[in-house]
Amino acid sequence: MSQTELGAPNDFIRAIIAEDLVRGKHERIVTRFPPEPNGYLHIGHAKSICLNFGISQENTPARCHLRFDDTNPTKEEQEYVESIKEDVRWLGFDWGEHLYFASDYFAQLYDYAEQLINQGKAYVCDLSADQIRATRGTLTEPGQNSPYRERSVAENLDLFRRMRAGEFADGSRVLRAKIDMASGNLNLRDPVLYRIMHTSHHRSGDQWCIYPTYDFTHPISDALEGITHSLCTLEFADHRPLYDWFLANLPVPAHPRQIEFARLNLGYTVVSKRKLLQLVNEGHVAGWDDPRMPTISGIRRRGYPPEAIRSFCDKIGVAKKESLVDVALLEHCVREELNQRALRVMGVLNPLKVVISNYPAGRSEELTAQNHPQQPELGQRQIPFSREIFIERDDFMEEPAKKFFRLAPGREVRLRYAYFIKCEEVIKDASGEIVELRCTYDPQTLGGSAPDGRKVKGTIHWVDAARSIEAEVRLYDRLFTEESPEKRGRSFTDCLNPHSLQILSGCRLEPSLAAAAPGQYFQFERQGYFCLDPRDARPDRPVFNRSATLRDTWKKVKGS
RNA sequence: UGGGGCGUCGUCAAGCGGUAAGACACAAGACUUUGACUCUUGCAUUCGCAGGUUCGAAUCCUGCCGCCCCAGCCA
């Protein structure tokens with residue numbers, strides 16, 4: 001259920017917005033999602049995207065801008081711009097005409113900087129980065145004024161223009177705001193507004209050799225776009241006084257309100273661009289879209305539907321408390337969504353051959369199966385059945401544990417949508433491994449029930465030996481063995497889960513799966529949810545990813 | 001020993017002076033041709049701690065305690 005359907009605002013940000021609307025402070029709400037195009041989006045960004053775009057959807061007529069915060073040409077690339085757009089769209093959001101780039105404001109930003117200089121509120125500082133750091137003071141001691149702090153307006157203007165003209169080397173000078181070197185808030189100790197970087201920008205090319213910093217760019221970009229509520233994460237709270245300072249000292253068209261909320265932390269995963277990059281670079285995963293990655297592209301490839309991500313973001317809420325969300329909640333949202341739409345099919349991951357000795361050799365038949373028992377409108381399909389089939393190895397125990405009600409010597413089970421079979425003989429190879437089962441079937445039980453009313457305790461899935469298709473199946477587990485790998489700092493890779501990926505080959509799937517298309521969701525009955533791997537699957541070589549397992553209470557009973 | 005933020009069930013999270021929502025997880029049971037789904041039931045005498053105000057406090061006041069963020073010419 002969306003926020004709107006719930007009626008009342010249910011987080012402090014929506015409460016603020018509702019209040020502003022009631023007071024008539026704004027005609028319409030305008031939010032923005034401002035990624036820096038220096039990496040791929042991840043689940044943490046999804047929270048911000050759902051918040052910003054969600055709020056705009058709930059307050060029609062409102063809008064949410066997609067703005068690339070591309071002020072640092074040394075880290076940003078066009079490639080990321082495209083992937084970010086794709087990910088936002090995939091999540092189900094639309095920025096309409098409102099696609100912006102901070103780099104498009106470079107000229108205006110420059111003018112505003114000159115205005116600050118003219119007001120005596122900014123100055124060109126010749127100190128080196130090291131010197132600036134050294135004179136910034138510490139958390140408990142005030143900083144020292146730069147010796148260049150009292151330059152005249154004319155000199156500052158001249159120097160700044162020459163910075164822009166490319167007369168000075170990288171790092172030789174910066175433009176700083178003149179605020180308060182003794183402030184308890186370090187962000188107010190004459191922050192840098194412009195730095196010299198003779199680097200070409202992915203959009204503005206070589207037009208500029210000075211680039212504005214985030215602190216200067218963000219509030220002005222927000223104001224120029226008429227953003228009403230600028231939502232960001234908690235670590236920017238300390239920057240708010242600076243954000244407000246710029247807006248108060250410059251003739252900007254609006255004064256957006258910055259509101260901070262806690263970023264998302266998810267158990268058994270890392271959500272930091274730097275760490276995700278490290279996982280990719282060190283080869284711990286196959287790439288940004290590895291299905292084990294918490295990136296949007298990884299999640300998509302894993303087979304999580306966008307609806308599940310949105311519902312997850314709704315459920316985790318928005319607050320200022322730093323929290324660690326249980327991955328079980330994400331998994332629940334994925335299952336909840338997939339349970340509704342995944343087509344049910346049968347696939348045997350670890351095949352054990354079963355020969356039905358009393359079924360006529362050479363004969364075969366087509367049995368009818370439901371595509372979704374709870375949704376008959378999703379139709380039926382035919383599945384082949386004959387004398388030789390495969391069942392799951394786990395569905396047979398030579399010496400059944402208590403409460404195990406699948407197949408065992410002398411026991412009878414139901415083959416889903418087919419017949420009852422009874423295990424008569426266990427065939428082993430020289431090393432004692434079970435290689436085949438000999439069973440008999442009861443022709444009277446076609447469809448799954450016995451005319452004499454006898455019941456079986458278990459129903460197992462199966463696949464026809466001759467007419468099943470072979471496939472590779474990839475099973476995923478959490479990437480880390482510890483719930484908070486981030487807490488380990490840079491050694492977070494020490495707790496990588498060695499079993500996070502299990503590749504099964506020789507799996508046998510019912511023939512209908514030969515027509516599986518990328519983007520389709522399936523439930524392999526009794527196993528979990530699967531989808532075709534969009535990258536590695538080929539018509540002659542299907543590869544399926546397991547998106548999520550089914551809840552398994554039996555696993556709890558047997559304790560494994 | 002500066003500044004900012006936060007502390008309500010195992011995990012998220014409502015609550016905004018009137019006597020602790022909901023979700024996930026967990027537990028028990030029902031149903032079941034997926035040990036799935038669905039359904040039912042249980043799950044904070046208590047809100048970091050200690051005082052105070054009040055007829056009444058998770059909500060107001062005071063003082064402690066704990067955790068997170070900030071010393072990039074990153075965002």
Side-chain angles (χ1 to χ4, degrees), chain A residues 10-11 15 34-36 38 69-72 74-76 125 127-129 132-134 136-143 170-176 182-189 191-197 210-211 213-215 217-218 232-241 260 262 267 273 314-333 335-336 339-340 344 346 369-370 373-374 403-406 414-418 420 445 447-449 455-461 483 523-528 549-558:
Chain A
N10 44 15
D11 62 63
E36 181 187 11
N38 70 342
D69 220 329
D70 55 352
T71 58
N72 187 342
T74 63
K75 309 173 68 171
E76 297 146 8
C125 181
L127 257 26
S128 68
I132 286 181
R133 188 178 311 120
R136 184 154 28 225
T138 68
L139 294 180
T140 53
E141 301 156 22
D170 285 8
S172 61
R173 274 174 245 260
V174 292
L175 180 71
R176 291 226 252 171
S183 173
N185 182 341
L186 305 216
N187 294 115
L188 264 20
R189 319 245 263 227
V192 171
L193 272 39
Y194 268 91
R195 65 286 218 200
I196 300 172
M197 289 197 263
I210 57 172
Y211 293 93
T213 56
Y214 163 87
D215 282 321
T217 309
H218 212 84
C232 62
T233 44
L234 253 27
E235 64 269 28
F236 290 100
D238 288 340
H239 295 242
R240 186 167 9 102
E260 312 85 20
K273 274 184 197 169
D314 268 355
K315 287 181 165 73
I316 58 176
V318 179
K320 299 190 81 157
K321 185 174 68 173
E322 298 255 24
S323 56
L324 180 64
V325 177
D326 193 338
V327 263
L329 181 59
L330 210 210
E331 287 163 0
H332 165 262
C333 293
R335 291 193 185 103
E336 185 179 50
N339 176 48
Q340 282 190 53
R344 311 290 124 126
M346 292 198 281
Q370 299 295 318
Q374 279 78 48
K403 289 213 170 177
F404 178 84
F405 40 80
R406 279 114 87 158
R414 171 166 41 232
L415 291 179
R416 172 136 245 226
Y417 296 122
F420 285 7
T445 57
S449 53
K455 303 288 184 198
V456 288
K457 205 71 157 92
T459 299
I460 63 174
H461 60 278
E483 194 173 21
Q523 183 197 92
F524 289 6
E525 292 204 31
R526 305 208 307 130
Q527 298 277 9
T549 59
L550 251 29
R551 283 186 67 230
D552 188 352
T553 47
W554 162 246
K555 197 156 77 181
K556 283 177 195 160
V557 173
K558 72 174 179 183

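Here is the naming used below: chain letters follow the sequence lines, and residue numbers restart at 1 for every chain. Values below: every heavy atom of this structure, side chains too, minus hydrogens, waters and symmetry copies.
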Could you tell me how far apart [X] ([atom1]) and [N] ([atom2]) are, to the nearest whole angstrom?
{"X": "Glu483(A)", "N": "rU11(B)", "atom1": "CD", "atom2": "C1'", "value": "8 Å"}
{"X": "Lys555(A)", "N": "rA36(B)", "atom1": "NZ", "atom2": "P", "value": "13 Å"}
{"X": "Phe524(A)", "N": "rC37(B)", "atom1": "CZ", "atom2": "P", "value": "19 Å"}
{"X": "Asp11(A)", "N": "rC16(B)", "atom1": "CG", "atom2": "P", "value": "16 Å"}
{"X": "His461(A)", "N": "rG35(B)", "atom1": "NE2", "atom2": "C1'", "value": "13 Å"}
{"X": "Glu525(A)", "N": "rA36(B)", "atom1": "CD", "atom2": "P", "value": "13 Å"}
{"X": "Gln370(A)", "N": "rU34(B)", "atom1": "CD", "atom2": "P", "value": "12 Å"}
{"X": "Asp552(A)", "N": "rA36(B)", "atom1": "CG", "atom2": "C1'", "value": "9 Å"}

Span that lies between the [atom1] atom of [M] and that of [N], in whole angstrom:
{"N": "rG22(B)", "M": "rA30(B)", "atom1": "P", "answer": "25 Å"}
{"N": "rA13(B)", "M": "rG18(B)", "atom1": "C1'", "answer": "22 Å"}
{"N": "rA21(B)", "M": "rA14(B)", "atom1": "C1'", "answer": "6 Å"}
{"N": "rC16(B)", "M": "rC47(B)", "atom1": "C1'", "answer": "14 Å"}
{"N": "rC68(B)", "M": "rC73(B)", "atom1": "C1'", "answer": "27 Å"}
{"N": "rU19(B)", "M": "rG15(B)", "atom1": "P", "answer": "15 Å"}
{"N": "rG51(B)", "M": "rC65(B)", "atom1": "C1'", "answer": "14 Å"}
{"N": "rG52(B)", "M": "rU41(B)", "atom1": "C1'", "answer": "42 Å"}

Side-chain donor-acceptor contact under 3.5 Å, Ser183(A) with Asn185(A):
no
Look at all strands and tell whether [X] reaches a base, only sugar-phosphate, or nothing, counting heavy atoms closer than 4.0 Å.
{"X": "Val318(A)", "value": "sugar-phosphate"}
{"X": "Phe404(A)", "value": "base"}
{"X": "Gln523(A)", "value": "base"}
{"X": "Phe405(A)", "value": "base"}

Test your reading of the model: is there a side-chain donor-acceptor pair from [X] to the backbone of [Y], 3.5 Å cut-off?
{"X": "Thr213(A)", "Y": "Val192(A)", "value": "yes"}
{"X": "Thr138(A)", "Y": "Thr140(A)", "value": "yes"}
{"X": "Arg176(A)", "Y": "Pro191(A)", "value": "no"}
{"X": "Asp326(A)", "Y": "Leu329(A)", "value": "no"}

Taking atom OG1 of Thr217(A) and atom CG of Leu193(A), what is their separation to the nearest 0.5 Å?
8.5 Å
Shortest non-hydrogen contact from Arg189(A) to Glu141(A)?
NH2-O, 2.8 Å
Pairing residues for Lys320(A) by the salt bridge (charged side-chain N to carboxylate O under 4.0 Å, His left out) criterion, not counting sequence neighbours:
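Lys320(A) satisfies salt bridge (charged side-chain N to carboxylate O under 4.0 Å, His left out) with Glu260(A) once adjacent residues are dropped.
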Base, backbone or nothing for each nucleotide of nucleotides 23-32 of chain B, written B, S, -, heavy atoms under 4.0 angstrom, 5' to 3'?
SSSS------
For nucleotides 68-75 of chain B, read 5' to 3', which letter fits each nucleotide if B means a protein heavy atom sits under 4.0 Å from the base, S means only the sugar-phosphate is that close, and - means neither?
SBBBSBBB
Just to confirm, is there a sub-4.0 Å distance from OP1 or OP2 of rA13(B) to any side-chain nitrogen or oxygen of Lys321(A)?
yes
For RNA chain B, whose closest nucleotide is more 5', that of Pro373(A) or that of Arg240(A)?
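Upstream on the strand: Arg240(A).
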With both distances under 3.5 angstrom, what nucleotide forms a Watson-Crick or G-U wobble pair with [N]?
{"N": "rA23(B)", "result": "rU11(B)"}
{"N": "rG29(B)", "result": "rC39(B)"}
{"N": "rG2(B)", "result": "rC70(B)"}
{"N": "rC49(B)", "result": "rG63(B)"}

Aromatic ring pairing Tyr214(A)/Phe236(A), orientation class (parallel under 30°, perpendicular over 60°, tilted between):
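Tilted, since the angle between the ring planes falls between 30° and 60°.
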Counting only side-chain heavy atoms from C-beta out, which of [options] sits nearest to [X]?
{"X": "Arg526(A)", "options": "rC12(B), rG35(B), rG5(B)", "answer": "rG35(B)"}
{"X": "Arg344(A)", "options": "rC12(B), rG2(B), rA36(B)", "answer": "rA36(B)"}
{"X": "Ser323(A)", "options": "rG4(B), rG35(B), rA13(B)", "answer": "rA13(B)"}

Check this for me: does any side-chain nitrogen of one of Glu336(A) and Lys315(A) sit under 4.0 Å from a carboxylate oxygen of the other?
yes
Among Arg416(A), Arg414(A), Glu525(A), Arg526(A), which one satisfies side-chain hydrogen bond (donor to acceptor under 3.5 Å, both in side chains) with Thr459(A)?
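The side-chain hydrogen bond (donor to acceptor under 3.5 Å, both in side chains) with Thr459(A) is passed solely by Arg414(A) among Arg416(A), Arg414(A), Glu525(A), Arg526(A).
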Syn or anti for rG18(B), taking syn as within 90° of 0?
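Glycosidic conformation of rG18(B): anti.
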Applying side chain to side chain donor-acceptor pair (under 3.5 Å) to Arg133(A) and Ser128(A), what does each step give before you reach the verdict?
CA-CA 9 Å; Arg133(A) 188 178 311 120; Ser128(A) 68; over 6 Å; no
